[in-house]
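What follows is a short report on a single structure.
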Amino acid sequence: MLDPYIPDTYLWDMLTLRDYIQTNHVRQKDLAARLGVTQATVSRLVTGAAKPSVELAAAIKRETDGAVGFEVWVTSLSSPAAPAAPTQEHPHETISS
């Protein structure tokens with residue numbers, strides 16, 4: 001689910017890190033050097049195995065001239081959490097977080 005506070009048209013103008021690297025023919029190794037991280041870190045970001053810190057997300061936005069913005073990382077986290085399953089003692093009661 002996308003963040004309801006970010007206009008859809010804004011999100012469509014942004015690239016994922018994977019798309020940016022492919023579109024601009026950037027090597028992960030070179031981007032990693034510019035960001036001050038390892039190529040392995042960039043690889044994990046590209047595959048979705050890791051999310052960047054706020055500081056790293058800002059550096060990515062800066063290094064990609066805004067093509068890969070903060071919202072790319074945040075929208076996948078904006079889905080509301082599912083309510084907890086009912087407990088054995090109270091099968092009709094859910095626990096809210």
Side-chain angles (χ1 to χ4, degrees):
M1 177 178 183
L2 295 177
D3 190 323
Y5 300 106
I6 301 172
D8 288 343
T9 54
Y10 184 66
L11 290 173
W12 299 129
D13 291 340
M14 279 189 237
L15 297 174
T16 63
L17 188 56
R18 175 188 302 271
D19 292 339
Y20 176 83
I21 287 171
Q22 290 175 347
T23 302
N24 293 284
H25 309 287
V26 175
R27 294 188 317 171
Q28 288 184 9
K29 177 181 169 182
D30 296 335
L31 180 60
R34 294 194 330 247
L35 294 170
V37 299
T38 65
Q39 183 274 327
T41 297
V42 172
S43 177
R44 287 192 300 272
L45 294 169
V46 166
T47 62
K51 299 273 186 208
S53 65
V54 172
E55 294 82 8
L56 183 52
I60 291 168
K61 183 174 183 174
R62 184 176 55 252
E63 288 298 324
T64 62
D65 292 324
V68 181
F70 288 102
E71 298 82 359
V72 169
W73 309 106
V74 180
T75 55
S76 62
L77 301 175
S78 64
S79 300
T87 62
Q88 292 287 343
E89 297 91 23
H90 305 285
H92 300 293
E93 181 179 306
T94 58
I95 302 168
S96 60
S97 42

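These numbers come from a predicted model, not from an experiment. Residue numbers start at 1 and run along the sequence shown.
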Are Leu17 and Val72 packed together at the side-chain level, in the sense that at least one heavy-atom pair is separated by less than 4.5 angstrom? no
Mind checking what makes side-chain hydrogen bond (donor to acceptor under 3.5 Å, both in side chains) contact with Gln39, not counting sequence neighbours? Gln28
How long is the span from the CG atom in Leu45 to the CD1 atom in Ile60, to the nearest 0.5 Å? 5.0 Å
Going by side chain to side chain contact (heavy atoms under 4.5 Å, CB included), name the residues that satisfy it together with Arg44, two or more places apart in sequence or in a different chain. Ala40, Thr41, Ala49, Ala50
Value for CG (Leu56) from CZ (Arg62), rounded to nearest 0.5 Å, stands at 9.5 Å
Residues at least two apart in sequence or cross-chain that pass salt bridge (Lys or Arg N to Asp or Glu O under 4.0 Å) with Asp19, listed by chain then number, are none
Minimum heavy-atom separation for Tyr20 and Val68, please, with both atom names. CB-CG2, 3.6 Å
Those residues that, when tested against Arg27, pass salt bridge (Lys or Arg N to Asp or Glu O under 4.0 Å) (two or more places apart): Asp30
Nearest-0.5 Å distance that lies between atom CD in Gln22 and atom OG1 in Thr16: 7.5 Å
Considering residues at least two apart in sequence or located in another chain, which fulfil the side chain to side chain contact (heavy atoms under 4.5 Å, CB included) criterion with Thr23? none
Could you work out, with salt bridge (Lys or Arg N to Asp or Glu O under 4.0 Å) as the rule, every residue matching Arg34, not counting sequence neighbours? Glu63
Any chance you could measure Leu31, atom CG, to Ser43, atom OG, to the nearest 0.5 Å? 11.5 Å
